Amino acid sequence: MPKKEIAYDTETTGLLLHTRDSMFSYSTCDPQGKTDVRRLDGNYLRVRESSKHLDNLFSSHSYAFVMHNAKFDLTATEKFLGKKIAEDCTIHDTAIQAHMFMNLHPNRRLKALGWELAGIDMDDEAAVKKATRGGDYSTAPEGIMDEYQERDVIRTMVLHRLFYPRIKANPKFREIYQMEMDLIPVTMRMEERGFMLHRGRCHKLVEWLQAEAVKARRELEDIAGWKVNPDSANQVRRLLFVELKLPIIKTTKTGMPSTQKNEVLLELRERTKHPAIETILKFRSFSRGASTIKSYLDLADADGLLHPDINTCAAKTGRESCSRPNLENVSKSAVLLNPYPIPARKIFIPRPGHVLFFIDYAGIEMRLLIYYSREQRLIDLLNVGGNPHELAAEIFFGDKYRSASARRKKVLYGASKNANFAIPYGASAEKVAEALGIPGDEGRKRLEYYRRELPGLVSLTPKISARVKSEGFVETAFGRILKVPRNKAYIGTNYLIQGTAAGILKRAQPRVHRYLEKATGGDARILLPIHDEIIIEYPRSMLKDAKEVLCGVREVMIDFEQFDIPLDVDVEMGTFDWEHKETFKIGD
DNA sequence: AAACACGGCGCG
DNA sequence: AAAGCGCGCCGTGTTT
């Protein structure tokens with residue numbers, strides 16, 4: 001039986017649904033534009049009446065719910081009703097619909113789209129903001145909220161009627177949209193489960209970092225002779241480039257001398273050895289680390305669990321993002337070029353009785369570059385398990401590479417790998433030479449030879465760029481259209497690779513979720529996706545089966561018929577925390 | 001007090 | 001003309 005489409009929107013006291021906030025009202029709108037606003041607060045009779053209505057709405061299974069950011073409304077509703085609903089209800093998401101046609105749009109908020117696409121005035125939001133004055137929306141006068149909520153469901157229904165027919169009309173779009181809808185309940189279970197913090201370790205680390213930051217700041221003040229704030233780029237500029245007269249290495253987009261770490265401070269440290277540089281590097285790293293970890297503590301629930309907001313359709317390329325907190329950028333203990341790394345991954349631990357598994361796609365970026373380049377020699381190489389960077393090293397350095405010592409080989413291999421990534425993205429001969437660590441004219445020759453050997457990779461960006469200039473978009477292997485700014489056509493290569501990798505991981509997640517459900521009864525669960533990897537929490541009691549289970553996970557992750565290159569994953573296990581990983585062999 | 005732009009920085 | 005791109009979050013400093 002066809003379901004009746006109904007727009008649905010919830011109002012909550014804030015954004016942290018798994019810790020402090022909750023839903024206090026909701027609204028609906030039918031296809032004829034008839035709206036209904038109901039409060040879940042106030043007197044007992046009203047609460048009882050609305051709760052019953054809400055429960056019936058989701059129990060009847062006769063509606064298709066149209067939402068803008070469905071994951072949020074579904075989470076709020078599940079929390080309120082105290083039961084799972086996401087898996088069995090039919091949903092639409094106008095934020096995801098909008099992304100499919102407007103991936104470059106800077107602000108896909110409901111209000112903005114309603115105004116731009118349907119001329120619906122945004123004054124209702126201003127009225128609510130004014131009425132609440134810093135408090136949450138449950139404190140606004142109900143009359144003002146009624147108007148606001150009515151308009152929001154109308155906006156949602158209008159957007160749906162605008163976008164959805166265009167999706168329905170195109171089989172590829174239908175598949176992509178369905179994939180996005182399938183990802184929503186799976187993502188909800190990750191957010192709900194949460195990632196556990198070791199709070200004792202957090203406190204210790206914060207204390208140490210704060211003390212170190214204070215020390216570094218004092219050292220800097222002694223060197224400078226005034227109270228320079230190392231967090232102020234302006235003050236650091238004055239110290240380094242006016243008072244100490246150090247050379248300006250690069251400028252910011254507004255033309256000011258830059259003081260950033262990788263390209264400026266580390267270079268200045270190398271060149272001048274000035275002690276001020278060291279204290280700035282220390283202070284910035286330690287103080288940033290302290291406030292980041294404090295924010296983790298602040299966001300954790302009573303059990304020490306972090307429940308991030310995983311936005312499944314955030315980036316212009318179709319990638320996901322993560323916030324409150326962002327668990328995609330938790331710093332590692334050691335990273336090339338970082339003299340003062342913060343070991344933040346040590347404070348993330350598996351739940352008691354569990355271990356972590358990290359499953360990441362092996363070399364997916366290079367594999368996709370090769371796939372899109374149509375360079376048959378490299379496609380064949382991947383299919384026999386060869387290493388494209390090894391081949392690149394032989395092309396660049398020939399016998400000099402083959403007969404080098406193991407130590408020297410490593411250096412040449414690393415350089416070749418860098419150049420091998422630079423070239424398909426359109427690097428100039430100068431940049432290739434720089435990557436290889438050889439003079440410019442020599443680089444030109446090597447690149448010429450590389451072009452004769454592997455023309456596909458060299459012409460990849462020029463080809464994509466020409467296409468972007470004429471069409472304004474790239475199309476991934478899954479048929480997703482990604483608009484690319486025409487005045488920066490060369491970034492099309494990046495959009496294509498990043499967007500395709502995102503499509504792979506997004507399709508993998510529901511498969512892995514279902515597989516783990518079947519194989520472990522849901523005892524092993526996905527905690528988080530991070531662009532080309534997923535983190536799984538796995539019960540120790542089932543470790544004897546882990547090899548087999550992870551083989552199954554691998555199978556479903558690499559099963560994509562649209563590619564004529566093979567995909568593969570690397571598996572690591574963390575018994576202690578997110579930092580300490582060891583290779584986990586699943587092969588025979 | 002709140003909103004914004006900017007520079008800076010972590011990850012993939 | 002070009003080794004690239006994508007995020008979220010922090011603190012500073014200014015504007016409203």
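Order of the sequence lines fixes the chain letters, A, B, ..., with proteins taken first and strands second; residue numbering starts at 1 for each chain. Owing to the predicted nature of the structure, the values given are computational and were not obtained by experimental measurement.
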Examine R201(A) relative to F576(A) and say whether NZ or CZ is less than 6.0 Å from the centre of the six-membered ring and inside a 45° cone about the ring axis. yes

Walk me through it: do N234(A) and S232(A) pass the test side-chain hydrogen bond (donor to acceptor under 3.5 Å, both in side chains)? CA-CA 5 Å; N234(A) 249 322; S232(A) 163; 5.4 Å; no

Looking only at heavy atoms, the pair that brings T132(A) and A140(A) closest together is CG2-CB, 3.5 Å

Find the distance H99(A):NE2 to dG6(C):C1' and express it as a whole number of Å. 11 Å

Closest nucleotide among dA3(C), dG7(B), dG8(C) to the A233(A) side chain: dG7(B)

Roughly, in whole Å, what's the span from CZ in R237(A) to C1' in dG8(B)? 10 Å

Could you check how far CZ of F348(A) sits from P of dC11(B), rounded to whole Å? 13 Å

5'-most contact on DNA chain C (nearest-nucleotide basis), P485(A) vs S465(A), goes to S465(A)

Under 4.0 angstrom between S323(A) side-chain N/O and dG8(C) OP1 or OP2: no

How many whole angstroms separate atom NZ of K488(A) from atom C1' of dG4(C)? 10 Å

Categorize A427(A) for me: base, sugar-phosphate, or nothing, with a 4.0 angstrom heavy-atom threshold over every strand shown. sugar-phosphate

For T259(A), answer base if it contacts any base atom (sugar-phosphate contacts may also be present), sugar-phosphate if it contacts only those atoms, and nothing otherwise; contact means non-hydrogen atoms under 4.0 Å. sugar-phosphate

Distance below 4.0 Å between T461(A) side-chain N/O and dA3(C) OP1 or OP2: no

Remember a base hit wins even if backbone is also touched, and classify E320(A) as base, sugar-phosphate or nothing at under 4.0 Å, heavy atoms. nothing

Counting any heavy atom closer than 4.0 Å, what does N229(A) reach on the DNA or RNA strands: base, sugar-phosphate only, or nothing? sugar-phosphate

Identified pairing partner of dC5(C), criterion: Watson-Crick or G-U wobble below 3.5 Å: dG12(B)

Less than 4.0 angstrom between a side-chain N/O of K261(A) and OP1 or OP2 of dC9(B), yes or no? no

Look at all strands and tell whether Q260(A) reaches a base, only sugar-phosphate, or nothing, counting heavy atoms closer than 4.0 Å. sugar-phosphate

Please report, rounded to the nearest Å, how far the C1' atom of dG4(C) is from the CD1 atom of I497(A). 11 Å

So, does the side chain of R284(A) form a donor-acceptor pair with the base of dG8(B) at under 3.5 Å? no

Reckon V432(A) touches a base, only the sugar-phosphate, or nothing at all at heavy-atom distances under 4.0 Å? nothing

Indicate yes or no: does D309(A) engage K71(A) in a salt bridge with an N to O separation below 4.0 Å. yes

For N338(A), report the nucleic acid contact type (base, sugar-phosphate, nothing); a contact means any heavy atom under 4.0 Å. sugar-phosphate

Of I423(A) and Y495(A), whose closest DNA chain C nucleotide lies nearer the 5' terminus? I423(A)

In whole Å, I'd like the distance from the CG atom of L482(A) to the P atom of dG6(C). 11 Å

Check if the side chain of N329(A) and the base of dG10(B) share a donor-acceptor pair of N or O atoms closer than 3.5 Å. yes

Base of dC7(C), side chain of E328(A) - is there a donor-acceptor contact under 3.5 Å? no

I want to check one thing: is the phosphate of dA3(C), taken as OP1 and OP2, less than 4.0 Å away from some side-chain N or O of S428(A)? yes

Please determine whether any donor N or O and acceptor N or O are separated by less than 3.5 Å between the side chain of N494(A) and the base of dG4(C). yes

Given atom CD of E263(A) and atom P of dG7(B), what is their separation to the nearest angstrom? 14 Å

Distance below 4.0 Å between S232(A) side-chain N/O and dG11(C) OP1 or OP2: no

Can you figure out which of dG6(C), dG11(C), dC7(C) approaches the side chain of Q498(A) most closely? dG6(C)

For V468(A) and P485(A), the nearest pair of non-hydrogen atoms, with its separation, is CG1-O, 4.4 Å

Over 60° means perpendicular and under 30° means parallel, so classify the ring planes of H389(A) and Y413(A), tilted if in between. perpendicular

At under 4.0 Å, does any side-chain N or O of Q235(A) touch on OP1 or OP2 of dG13(C)? yes

Face-on cation placement of R507(A) at F560(A) ring, 6.0 Å and 45° thresholds: no

OP1 or OP2 of dG12(B) under 4.0 Å from side-chain N/O of K332(A): yes

Any N/O donor-acceptor pair, R288(A) side-chain to dC9(B) base, under 3.5 Å: yes

Given dC10(C), is OP1 or OP2 found less than 4.0 Å from the side-chain N or O atoms of S291(A)? no

Is T292(A) touching bases, backbone alone, or none of the nucleic acid, heavy atoms closer than 4.0 Å? nothing

Give a yes or no on this: more than 12 heavy atoms of other residues, nucleotides or ligands lie within 6.0 Å of atom CZ of R199(A). yes

K431(A) NZ to dA1(C) C1', in whole Å, measures 12 Å

If you look at every strand shown and take non-hydrogen atoms under 4.0 Å, does S295(A) touch a base, only sugar-phosphate, or nothing? sugar-phosphate

